[in-house]
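To start, the structure under review is shown below, and the notes come after it.
Whatever order the structure lists ligands and atoms in, that order sets their numbers, starting from 1.
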Amino acid sequence: MEDIKQKLITDFGEIFGDSEGVSVYFAPGRVNLIGEHTDYNGGHVFPCALTIGTYAVVRKRDDRELNFYSVNFPDKGVVKTSLDDMRPKEDNSWTAYPKGVIWTFTGRGYDIPKGMDMLIYGTIPAGSGLSSSASLEVLTGEVLRDQFGLNEVTNTDLAKIGQFSENNYNGMNCGIMDQFASAMGKKDNAIFLDTSTLEFEYAPIVLKDACIIVTNSNVKHSLVGSDYNTRRAECEEALAELKKVVDINSLGDLDEAAFEEHKAVISKDNCRARAKHAVYENRRTIKAVKALKNGDVEAFGKLMNEAHTSMSVDYAASCPEVDVLVEAAWKIDGVLGSRITGGGFGGCSVSIVRNDAVETFKEKVAAEYKEKTGLNADFYVVSIGDGPVKL
Ligand code: GLA
């Protein structure tokens with residue numbers, strides 16, 4: 001991180017004249033191990049923070065101007081705005097994420113009296129489903145907390161503010177998982193989070209002789225305006241019908257048996273299938289974490305495989321390319337589990353692979369992927385990192 005930090009400070013100097021008095025921050029992306037599309041259904045999730053994420057080099061200004069520059073989008077140049085000029089949903093470029101968080105802070109009564117010059121650099125491949133947006137939101141929150149001495153803001157607040165901002169400034173009705181994973185990340189641990197109460201516990205990821213590999217399909221998923229919001233609406237429709245016959249607040253309140261007993265009340269096939277995924281995926285997540293705690297990595301892997309099928313068939317939130325990645329992985333000896341991760345409709349798979357099978361895994365999956373889709377896959381061995389920091 002030290003090398004990146006120095007380089008970014010130099011970049012800041014080049015863009016904004018000099019680098020006197022700057023501060024540098026980082027917030028991580030996340031990979032979700034299991035528990036997909038359960039977070040807005042009152043269910044459980046099991047993500048972990050990554051060591052890739054988003055960096056900011058920041059300096060407060062004497063006026064109320066905000067100047068944003070991204071090393072990833074140099075052609076956009078310095079994007080200028082002001083603390084007095086932030087309107088939701090008008091900006092669909094990358095700057096809408098930091099702006100939305102600043103807008104949320106001021107909307108909640110936090111005092112942000114001065115503008116800033118801000119240089120951003122992200123190490124998460126765009127559109128990979130590893131939460132580049134959430135990491136930028138949590139990063140912005142961390143910057144504001146530190147720069148303006150808002151010490152009463154907790155890391156859970158950073159997650160809630162990020163989610164609120166994404167829902168209301170960017171128009172993406174996401175749940176809390178991504179922002180929570182970024183804000184609360186802990187090295188070598190995943191976070192078992194009950195999204196209905198925000199109670200959570202850290203679970204050390206001990207995979208014995210195996211590791212976690214993320215495979216990028218390089219099919220970009222864009223959740224804003226995608227089927228994501230439709231899926232959420234379908235779940236809400238199913239819930240409304242279920243509520244007529246059973247006393248629940250969310251789909252996460254049902255177990256499999258209760259769902260089977262009452263599912264006939266859901267009139268549309270698509271809504272019934274989405275609700276089935278939400279219910280079964282939540283229960284699977286609880287079982288998977290229990291298995292991992294008992295050291296049963298094999299059982300954890302099998303539940304990941306079931307989770308993929310459910311996400312692909314019942315939730316219709318995979319895509320043909322990621323299905324190819326996952327099905328290729330399933331055939332390889334030494335792959336304990338593999339599934340699509342994140343919002344879906346593209347992005348990445350996550351797999352648990354025995355260390356001695358990693359090279360074969362990469363070769364075989366890459367070859368089959370190329371042959372069937374014409375595309376190249378990228379592989380990353382995951383290191384689980386901490387939440388946001390000032391470097
Ligand atoms: C996206 C959203 C999350 C969550 C996942 C699916 O990443 O931002 O809130 O719903 O999709 O599990």
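- With a 4.5 Å cut-off on side-chain heavy atoms, Leu139 and Tyr97 do not count as touching.
- Annotation for ligand 1: atoms under 4.0 Å from non-hydrogen atoms of Met177 are 4 (C), 5 (C), 12 (O).
- A donor-acceptor pair shorter than 3.5 Å can be found between the side chains of Tyr25 and Gln147.
- Ionic pairing of Glu65 and Lys114 is not present here: no N-O contact between side-chain nitrogen and carboxylate oxygen is shorter than 4.0 angstrom.
- Of the options Tyr315, Tyr228, Phe345, the smallest heavy-atom separation from atom 2 (C) of ligand 1 is shown by Tyr228.
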(message) Please determine whether salt bridge (Lys or Arg N to Asp or Glu O under 4.0 Å) holds for the pair Asp386 and Lys187, giving the CA-CA distance in whole Å, both sets of side-chain angles, and the decisive distance to 0.1 Å.
(response) CA-CA 5 Å; Asp386 284 316; Lys187 191 174 181 331; over 6 Å; no

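- Residues Leu50 and Val382 form a side-chain contact, since some pair of their non-hydrogen atoms from C-beta on lies under 4.5 Å apart.
- Counting only non-hydrogen atoms, the option in His37, Glu166, Met172, Arg232 that gets closest to atom 12 (O) of ligand 1 is His37.
- Near Asp178, meaning under 4.0 Å from any of its heavy atoms, are these atoms of ligand 1: 1 (C), 2 (C), 3 (C), 7 (O), 8 (O).
- Where the criterion is an N or O separation shorter than 3.5 Å, residue side chain and backbone included, Gly175 meets it with respect to ligand 1.
- Residues forming a ring pair (Phe, Tyr, Trp, His ring centres under 6.0 Å) with Tyr40 (at least two apart in sequence, or on another chain): His37, Tyr228.
- Between Phe12 and Tyr69, the distance from one ring center to the other does not fall under 6.0 angstrom.
- Shown in contact with Tyr40 at under 4.0 Å from a heavy atom are these atoms of ligand 1, numbered in order with element: 10 (O).
- Considering backbone and side-chain atoms alike, Arg30 places an N or O below 3.5 Å from some N or O of ligand 1.
- Within the 4.0 Å heavy-atom criterion, neither part of Glu281 lies near ligand 1.
- Of the polar atoms of Asp39, at least one N or O is found under 3.5 Å from an N or O of ligand 1, judged by distance alone.
- Counting the atoms of ligand 1 from 1 in the order shown, those under 4.0 Å from a heavy atom of Cys174 are 2 (C), 8 (O), 9 (O).
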